[in-house]
Participant: 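I have a structure I would like to understand better, so I am pasting it below and will then ask my questions one at a time.
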Amino acid sequence: MSASHTDRTCLAAAATAALDYLAGLREQRVFPSGEALALLNELRTPMPDRGRSADDVVRQLGTLGASTTVATAGPRFFGYVTGGAVPASAAAAWLAAAWDQTPSDGRLSPLVAELERVTGAWLLDLLRLPTGSCVGYVTGSTMANLVGLAAGREYVMQGQNWDVQAKGLIGAPPIRIIVGAEVHATIPKALGLLGLGRDTAIRVAADKQGRMIASAVPPLGPDCIVCLQAGNVNSGAFDPFADIIPKAKEAGAWVHIDGAFGLVAAASPEHAPLLAGHDLADSWSVSGHKWFNTPYDCGVAINRHPDLVRRAFAYNASYLDPDTSSARNFVPELSRRARAVEMYAALASLGKEGVRELVVRSCGHARRFAEGLSRLGFEILNEVVLNKCVAAIGENGTAQRIAAHVSDSGEAWFSTTEWQGRSAIRLSISNWSTTTADIDRTLSAIERAVRAEGLLP
Ligand SMILES: *Cc1c(COP(=O)(O)O)cnc(C)c1O
């Protein structure tokens with residue numbers, strides 16, 4: 001290894017491959033062909049004794065990636081709320097990789113520490129959350145949920161004079177967890193990791209759109225953590241925050257909102273009424289890599305009670321910066337990527353207006369899907385209030401075959417789901433580059449699949 005940091009051939013090869021990739025993304029097959037995927041076999045070699053040149057390695061990756069990636073960053077991937085990466089954010093990620101900064105200790109990267117503070121304040125304003133809340137960067141909403149629930153556990157245990165950091169949960173006073181019937185699977189996972197058990201939560205009945213039924217919430221108390229949801233993964237619906245949170249707070253309970261994608265709707269005045277009362281909660285999660293369109297591995301844990309988060313996540317050692325407001329005291333990791341670089345680039349390039357337009361546009365696309373699919377004989381199962389459309393057709397198995405047909409065509413990709421006992425196709429729209437033409441092109445691909453099923457003349 002004698003490459004210098006300015007090995008321009010290697011870096012330029014990466015830049016060229018990335019630029020070519022992005023230039024072709026709109027027309028690339030969304031799911032790679034079987035033939036292309038067979039190329040992955042070339043990776044299955046023993047680890048080499050002697051390294052190859054950086055240039056050679058980068059060229060190999062660039063060529064492989066050009067045909068074997070799933071175009072989740074492109075305009076016709078509707079599988080999950082994946083978002084893409086707005087150009088400024090993707091470019092900022094390249095810069096961040098060159099800088100290789102970590103914000104675990106303020107002295108290691110004053111730049112990233114400042115970007116975290118600035119974007120933190122911007123996010124609170126944009127998402128209409130209380131100023132003074134702490135904002136921690138994590139890998140995604142899975143971990144942001146964990147942070148919120150860890151602070152909630154801290155709160156409940158402190159209220160019962162139990163030092164859960166020192167003593168753990170062995171012999172601890174009881175704690176009640178309340179979730180909706182349609183809770184996202186990352187919440188039970190976080191509860192399991194926190195020693196609260198994946199199956200112990202009280203599940204409150206949900207209505208046909210997956211919203212928690214407020215009148216079915218049991219009597220609450222200071223021993224409770226209530227987990228609500230902004231944006232159901234199938235329907236996009238929101239739990240009725242204004243009906244549940246004030247009562248929960250009056251009873252002394254902790255309230256967490258899983259807002260992985262749905263919280264972003266707060267940035268759109270047209271959609272903000274769906275979230276009414278969300279700002280009364282104690283903790284919130286949101287993913288950068290979903291609707292904010294930052295590259296992957298970017299989530300945000302927001303919390304009204306910085307002291308409780310610090311109690312749960314404080315990390316100090318004699319060799320570290322003694323500043324207890326250092327970011328490492330508010331998130332699970334010590335070393336981590338400088339995710340705020342990408343978030344800054346996304347928010348600064350979109351502006352408030354751009355985020356609002358992204359939300360409005362995505363939701364408009366979902367309605368266009370609903371109209372088009374109705375014309376093709378689908379039954380739309382959800383109220384299309386956000387960026388999602390769930391549609392059933394034919395007998396069991398038809399939705400799966402239609403999704404497979406479209407995936408094979410390379411035109412678009414979406415998943416299937418079970419919703420209200422029906423199997424259905426499920427389309428989520430969150431990519432900044434998706435246009436009306438992309439929706440129509442996908443509807444044409446679906447129409448061909450429906451014809452192949454013999455369901456249209
Ligand atoms: C995607 C999602 C999560 C998990 O978020 P990651 O960023 O993938 O970890 C949690 N809750 C909801 C509602 C989601 O849609």
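Fair warning: this is a prediction, and the values are worked out from it, not measured in the lab.
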Participant: Closer than 4.0 angstrom, basic N to acidic O: yes or no for Asp438 and Arg76?
Facilitator: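 Between Arg76 and Asp438 there is a salt bridge, with a charged N closer than 4.0 Å to a carboxylate O.
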Participant: Assess whether a salt bridge exists between Arg304 and Asp279, defined as any Lys/Arg side-chain N lying under 4.0 Å from an Asp/Glu carboxylate O.
Facilitator: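 Looking at Asp279 together with Arg304, the answer is no, because their closest N to O distance does not fall below 4.0 Å.
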Participant: State, yes or no, whether a side-chain contact exists between Leu263 and His278 at a heavy-atom distance under 4.5 Å.
Facilitator: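 Result yes, sub-4.5 Å side-chain heavy-atom pair found.
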Participant: Testing Ile213, Val217, Val255 for side chain to side chain contact (heavy atoms under 4.5 Å, CB included) with Ile244, which one passes?
Facilitator: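 When Ile213, Val217, Val255 are each tested with Ile244, the side chain to side chain contact (heavy atoms under 4.5 Å, CB included) holds only for Val217.
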Participant: So Trp254 and Tyr155, would you call those rings parallel, tilted or perpendicular, with 30° and 60° as cut-offs?
Facilitator: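 It falls in the tilted class, 30° to 60°.
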Participant: Under 6.0 Å from the OH atom of Tyr344, do we count more than 12 heavy atoms belonging to anything else shown?
Facilitator: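 Counting neighbours around OH of Tyr344, 12 or fewer heavy atoms of other residues, nucleotides or ligands fall under 6.0 Å, so no.
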Participant: To the nearest 0.5 angstrom, please state how far the CZ atom of Phe241 sits from the CG atom of Leu274.
Facilitator: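 It comes to 9.5 Å.
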Participant: Less than 4.5 Å apart, any side-chain heavy atom of Val264 and any of Phe292?
Facilitator: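 Yes, side chains in contact.
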Participant: When you measure from the centre of the six-membered ring of Phe78, is the NZ or CZ of Lys388 under 6.0 Å away and within 45° of the axis?
Facilitator: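 No; the conditions do not both hold, so Lys388 does not lie above the ring face of Phe78.
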Participant: Enter the distance from Cys134:SG to His305:NE2 here, rounded to the nearest 0.5 Å.
Facilitator: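 The distance works out to 9.5 Å.
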Participant: Taking only Lys NZ, Arg NE, NH1 and NH2, and the carboxylate oxygens of Asp or Glu, determine whether Arg339 and Glu342 approach each other closer than 4.0 Å.
Facilitator: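 Salt bridge absent between Arg339 and Glu342.
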Participant: Are Leu386 and Trp291 packed together at the side-chain level, in the sense that at least one heavy-atom pair is separated by less than 4.5 angstrom?
Facilitator: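 Sidechains of Trp291 and Leu386: in contact.
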Participant: Verify whether the ring centers belonging to Phe77 and Phe414 lie closer than 6.0 Å.
Facilitator: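 Between Phe77 and Phe414, the centre distance exceeds or equals 6.0 Å.
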Participant: Let me confirm one number: the CZ-CG distance from Arg59 to Leu61, rounded to the nearest 0.5 Å.
Facilitator: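 With rounding to 0.5 Å, CZ (Arg59) is 12.0 Å from CG (Leu61).
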Participant: Under a 4.0 Å threshold between the charged nitrogen and the carboxylate oxygen, would Arg26 count as salt-bridged to Glu411?
Facilitator: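 Salt bridge flag = no for Arg26 with Glu411.
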Participant: Report the distance from atom OG1 of Thr442 to atom CD1 of Ile429, rounding to the nearest 0.5 Å.
Facilitator: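 With rounding to 0.5 Å, OG1 (Thr442) is 9.5 Å from CD1 (Ile429).
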Participant: With rounding to the nearest 0.5 angstrom, report the CD to OG1 distance, Glu114 to Thr119.
Facilitator: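 So the gap between those two atoms works out to 10.0 Å.
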Participant: Provide the full list of side chain to side chain donor-acceptor pair (under 3.5 Å) pairs with a residue in residues 84-102, sequence neighbours left out, each pair given once.
Facilitator: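 Sorted pair list: Gln101-Ser109.
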